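Quick notes on the structure that follows.
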2 protein chains.
Amino acid sequence: MKVHGKAWRSIWLAEDGRRVGIIDQTRLPHEFRVAILADLEDAARAIRDMQVRGAPLIGATAAYGFCLGLWDDAGDKNLDRIGATLIACRPTAVNLRWAVERLEAVLRPLPPEQRPAVAYREAARICDEDVAVNEAIGNHGLHLIRTAWEKMDRRGPVRILTHCNAGWLATVDWGTALAPVYKAHAAGIPLLVLVDETRPRSQGASLTAWELTAEGVDHRLIVDNAGGHLMQHGLVDLCIVGTDRTTAGGDVCNKIGTYLKALAAHANGVPFYVALPGSTVDWRISDGVREIPIEERSQDEVLWVQGLTRSGRLEPVRIAPEATAALNPAFDVTPAALVTGLITERGVCPASREGLASLFPEMAAA
Amino acid sequence: MKVHGKAWRSIWLAEDGRRVGIIDQTRLPHEFRVAILADLEDAARAIRDMQVRGAPLIGATAAYGFCLGLWDDAGDKNLDRIGATLIACRPTAVNLRWAVERLEAVLRPLPPEQRPAVAYREAARICDEDVAVNEAIGNHGLHLIRTAWEKMDRRGPVRILTHCNAGWLATVDWGTALAPVYKAHAAGIPLLVLVDETRPRSQGASLTAWELTAEGVDHRLIVDNAGGHLMQHGLVDLCIVGTDRTTAGGDVCNKIGTYLKALAAHANGVPFYVALPGSTVDWRISDGVREIPIEERSQDEVLWVQGLTRSGRLEPVRIAPEATAALNPAFDVTPAALVTGLITERGVCPASREGLASLFPEMAAA
């Protein structure tokens, strides 16, 4: 997508055909800074320090990190070391492991001297596949937005509420939940995106608002408390969110607070869509509330808020008394019954076993 | 309630019998600072700058502000000026106008030389009445908490979720939603209070967490996004919130985000109580969603967060891109159907016309 009018991806091969560029997301929205990854350790640090985040982008960064690691030594033993180094950066990131295993499987059978070139080709392929999947999600979601717009006789903007950041910064390009937004914007449909702040890490305020600003999509930041009231008063036409993991039954695990918005949407007849690549469906489980363990993250994410001071310093400030402790569950599960539909690269389906099986029969049967 | 082991009210008459002490709530939770109001302008500034907030405390401060204004001149003309000065501080605060009108009605018939003494007596009465009402709410709510504790065979703490600050800092003492908590704590019932941060102004993090810390009640701060997940997993035994205005039909207007928690409580079978003095029932209206206009406050409350930097300065930080605008509805309405019961000074009743009429027949008939 665009930044200052120029097209970007969130990760790219540098002109030397060796090093890798990323956007340092820890500085956003206050500073747009590119970081160049020159070796395996740079890539590992970028993942660990969350300069890159979002499952697809972590996977892509791991793939390129693997390439960078081969310059030292492309022998068998080093393949193991590279894989272990990358996976240790964020042990629970499913896409990270998936990308590492994909590179290993392709490279292992080859003689070491052929491995670097093949690795770069495979990393580029992972990126291009992600872009294609997200663009397909965007096209299917565009159809839903267009339908909503036509229902309102093309009067006024379509008001779309989103939570957290499921935009192009979380993927290689387009994003998942925001891909339909970008497609609709490009198609000339007037939009107003209502951006949930998404405490505790405030990815809505820092990343989604920044993406939409850069792309020129009209939007308003709202606190996480506001969406229910807005839906109750008919001020939201549809919700689109992303997901980290969807069960075979259509339950959706996503950033904490998604469930509250789904309840409000359901109570007020507002369509609630979840955008996802088929690869994030976990076909082994069905009941998300009972079967998905929820990560409990650091209290400091709740107790401190980072932002830009009046004098332009990026600083965290503490919002609670020193003696107060916090609970910080990072995700929640929205039961399938609250989800109007799943927007995938193969089309839109009901959030149910049958719905998913209709689009991904080969996975549902496995 | 207690601060550093000593009993406080949120407003009191100084030892000289003339000046008035308050807690400067804009410095909390990071600094406990008393401010002394010496004249009408001090009182007006305290209300305007939100050193005091919460409807009952604003009313009490206005009453004492009226007393302070009489020292200049207790003549008829000055009564008008004092009233106008105070009401202009926060024109929509119902209790402010109510307190001013009560003082005027009592003083107007008296000769000017008698007015100061009577005014101080009336202001003290307003404070004492508020304390008595809140203590009665606390006793009725205590019964609910005790019942919940006995239902769980007195095992483990009763886990109570609350939103915003409806504690003693919002009133003269005890609070409304927190009065039952303090009564239960004093009665030896183990508690764990889950405190919603309550963006945008974060009164949960800054005021409720501070009150509970000072009083020694175990609590955890949570982001506004977390309550749904906690209720879904059986980690909340009941919710108690306050209200700014309740309709004759039992719809509850309260700080933005209350509605989302009520939806989650309803979906998960968690009792959802609202604590209120009967004086905050608006008997003229019934449908809160349609009839209560919702104040839209400054965007800056959403875009900036205030807290303490690592080096100990109280500073606001901006969390969004410079070009991003915000929407900031300050309150929402929870339909009566989502409310398990109303805790008033006269007892607990269903959130309905019949329920309220059973406790306040003289008001319902008027």
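Quantities reported herein were computed from a predicted structural model and do not represent experimental measurements. In what follows, every chain begins at residue 1, and chains take the letters A, B, ... in the order their sequences are listed.
With chain B as partner, the option from A/P200, A/S202, A/P335, A/A325 having the largest number of non-hydrogen pairs under 4.5 angstrom is A/A325. Contact count against chain A (heavy-atom pairs under 4.5 Å) is highest for B/V223 among B/V223, B/D332, B/V195. Among B/A226, B/A323, B/G227, the residue with the largest count of heavy-atom pairs under 4.5 Å with chain A is B/A226. Chain B forms the most heavy-atom pairs under 4.5 Å with one residue out of A/T208, A/I319, A/L303, A/L207, and that residue is A/I319. Among A/L194, A/L263, A/D196, the residue making the largest number of heavy-atom pairs under 4.5 Å with chain B is A/L263. The candidate with the highest count of non-hydrogen atom pairs below 4.5 Å against chain B, out of A/H266, A/H233, A/E197, is A/E197. Counting heavy-atom pairs closer than 4.5 Å to chain B, the top-ranked of the candidates A/L212, A/I222, A/T213, A/D224 is A/D224.
For A/H30 (side chain) and B/R318 (main-chain N/O), a donor-acceptor pair under 3.5 Å exists by modelled atom type. Under a 3.5 Å cut-off, the side chain of A/Q232 and the backbone N or O of B/V289 do not form any donor-acceptor pair. Although no hydrogens or angles enter the test, the distance criterion places no donor-acceptor pair under 3.5 Å between the side chain of A/E315 and the main chain of B/T309.
Counting heavy atoms from C-beta on, the side chains of A/V333 and B/H229 never come closer than 4.5 Å.
With a 4.5 Å cut-off on non-hydrogen atoms, B/Q299 does not touch chain A at all. Only the side chain of B/I294 comes within contact range of chain A, with at least one heavy atom under 4.5 Å from a heavy atom of that chain. Looking at A/L28, there are no atoms closer than 4.5 Å to chain B (heavy atoms on both sides), in backbone or side chain. For B/H163, the part lying under 4.5 angstrom from a heavy atom of chain A is the side chain only. Using a 4.5 Å cut-off between heavy atoms, B/L314 makes no contact with chain A at all. If you measure heavy-atom distances from A/E322 to chain B, you find no contacts under 4.5 Å at all. Interface remark: A/R290 contributes no atoms to any contact with chain B (heavy atom separation under 4.5 Å). In this structure, chain A has heavy atoms under 4.5 Å from both the backbone and the side chain of B/P316. For B/A209, the parts lying under 4.5 angstrom from a heavy atom of chain A are both the backbone and the side chain.
The two atoms that bring B/L260 and A/A264 nearest to each other are CD2-CB, 3.7 Å, heavy atoms only. Here the closest non-hydrogen pair linking A/Y259 and B/A267 is OH-CB, 4.1 Å. Taking both residues in full, the closest heavy atoms of A/V305 and B/V317 are given as O-CG2, 4.2 Å, listed atom of the first, atom of the second, then distance. Here the closest non-hydrogen pair linking A/P329 and B/L230 is CG-CD2, 4.5 Å. Across all non-hydrogen atoms, the minimal contact from B/A205 to A/P321 is O-CD, 3.2 Å.
For the atom pair OG1 of A/T324 and CZ of B/R220, the computed distance is 9.5 Å after rounding to the nearest 0.5 Å. To the nearest 0.5 Å, the span separating CG on A/L235 from CG on B/L327 amounts to 8.5 Å.
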